[in-house]
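Have a look at the structure below, then the notes.
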Amino acid sequence: QVHLVESGGGLVQAGGSLRLSCAASGRIFSIPQMGWYRQAPGNQRELVARISSFGRLEYADSVKGRFAVSRDNTNNTVYLQMNDLKPEDTAVYYCNALIKTTIATVTNAYWGQGTQVTVSS
């Protein structure tokens, strides 16, 4: 059993900052990739940022230069530092991790419960 637990969402004014955290726990052999997605009302879930176990980064164009994703491999935790937040960043943010539970299993995708980020203008 694998669990992803997120924290750090909330309400912030435009131009402000928030930091999201997501810790993976349970039966984990390796985590090739961790990242963040978001979903605003009426929209599809979209990639925000992700990072591989080797440190390869990928960002949505809309957050480049404002958001930074990082991870602590020792503690199976991924972070999202969000700066210069805009009202259009308002969404539920979901942690995502590609995890192998044993050396013999395939990699499966796991999701956190989601955390609300609201940016007021």
Side-chain angles (χ1 to χ4, degrees):
Q1 193 80 2
V2 173
H3 298 281
L4 299 182
V5 178
E6 303 151 346
S7 61
L11 172 65
V12 65
Q13 289 189 330
S17 298
L18 284 174
R19 189 187 194 213
L20 306 182
S21 300
C22 172
S25 63
R27 189 177 187 183
I28 297 172
F29 173 75
S30 67
I31 309 180
Q33 184 174 276
M34 301 185 83
W36 296 91
Y37 288 70
R38 67 186 180 187
Q39 187 167 19
N43 290 356
Q44 290 187 333
R45 191 173 297 188
E46 63 177 3
L47 172 69
V48 177
R50 57 191 176 192
I51 180 170
S52 75
S53 56
F54 297 102
R56 181 179 181 272
L57 305 174
E58 183 177 353
Y59 292 97
D61 288 342
S62 59
V63 307
K64 284 180 180 177
R66 300 187 298 122
F67 291 11
V69 63
S70 61
R71 63 187 282 176
D72 177 351
N73 290 329
T74 300
N75 294 305
N76 295 331
T77 301
V78 63
Y79 304 95
L80 185 67
Q81 178 66 43
M82 304 184 292
N83 299 324
D84 190 23
L85 282 159
K86 303 176 181 182
E88 50 264 41
D89 294 317
T90 296
V92 177
Y93 284 69
Y94 295 92
C95 175
N96 170 265
L98 303 181
I99 296 175
K100 287 176 64 69
T101 54
T102 72
I103 193 171
T105 57
V106 299
T107 301
N108 289 306
Y110 295 85
W111 294 90
Q113 79 281 5
T115 185
Q116 178 69 47
V117 171
T118 302
V119 185
S120 63
S121 57

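Everything numeric here is computed off the predicted structure, so don't read it as measured data.
Here E88 pairs with K86 under the side chain to side chain contact (heavy atoms under 4.5 Å, CB included) rule; sequence neighbours left out. Every residue two or more places apart in sequence or in another chain that forms a side chain to side chain donor-acceptor pair (under 3.5 Å) with R50 is listed here: Y37, E58. Taking D61 as the reference, K64 meet the side chain to side chain donor-acceptor pair (under 3.5 Å) condition, with sequence neighbours excluded. Taking the side chain to side chain contact (heavy atoms under 4.5 Å, CB included) definition, one finds that A104 meets it with T102, sequence neighbours left out. Partners of S25 under the side chain to side chain donor-acceptor pair (under 3.5 Å) rule, at least two apart in sequence or in another chain, do not exist in this structure. Residues that satisfy the side chain to side chain donor-acceptor pair (under 3.5 Å) test with Q116, not counting sequence neighbours, are T118.
Using a 4.5 Å heavy-atom threshold, the side chains of M82 and Y93 count as touching. Residues T101 and I28 fail the side-chain proximity criterion, which asks for heavy atoms closer than 4.5 Å. The shortest distance between side-chain heavy atoms of V92 and V117 does not fall below 4.5 Å.
Listed by first and then second residue, the ring pair (Phe, Tyr, Trp, His ring centres under 6.0 Å) pairs that reach into residues 41-72 come to none, sequence neighbours excluded. Pairs of residues two or more places apart, or lying in two chains, that qualify as salt bridge (Lys or Arg N to Asp or Glu O under 4.0 Å) and include a residue from residues 23-40 are R38-E46, R38-D89. Sorted pairs that involve residues 53-83 and meet disulfide (SG to SG under 2.5 Å), not counting sequence neighbours, are lacking altogether. For residues 8-27, the set of pairs meeting the ring pair (Phe, Tyr, Trp, His ring centres under 6.0 Å) definition, not counting sequence neighbours, is empty.
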Could you pull out all donor-acceptor pairs under 3.5 Å where a side-chain atom in residues 2-16 meets a protein atom, sequence neighbours excluded?
residue: E6; atom: OE1; partner: G114; partner atom: N; Å: 2.6
residue: E6; atom: OE1; partner: T115; partner atom: N; Å: 3.4
residue: E6; atom: OE2; partner: C95; partner atom: N; Å: 2.5

Please output the side-chain donor-acceptor pairs of residues 69-79 that fall under 3.5 Å, not counting sequence neighbours, one pair per line with the distance.
residue: R71; atom: NE; partner: N73; partner atom: OD1; Å: 2.5
residue: R71; atom: NH1; partner: I31; partner atom: O; Å: 3.4
residue: R71; atom: NH1; partner: I51; partner atom: O; Å: 3.3
residue: R71; atom: NH1; partner: S52; partner atom: O; Å: 3.4
residue: R71; atom: NH2; partner: I31; partner atom: O; Å: 2.8
residue: R71; atom: NH2; partner: N73; partner atom: OD1; Å: 3.2
residue: D72; atom: OD1; partner: T74; partner atom: N; Å: 3.0
residue: D72; atom: OD1; partner: N75; partner atom: N; Å: 3.3
residue: D72; atom: OD2; partner: N75; partner atom: ND2; Å: 2.7
residue: T77; atom: OG1; partner: N75; partner atom: O; Å: 3.0

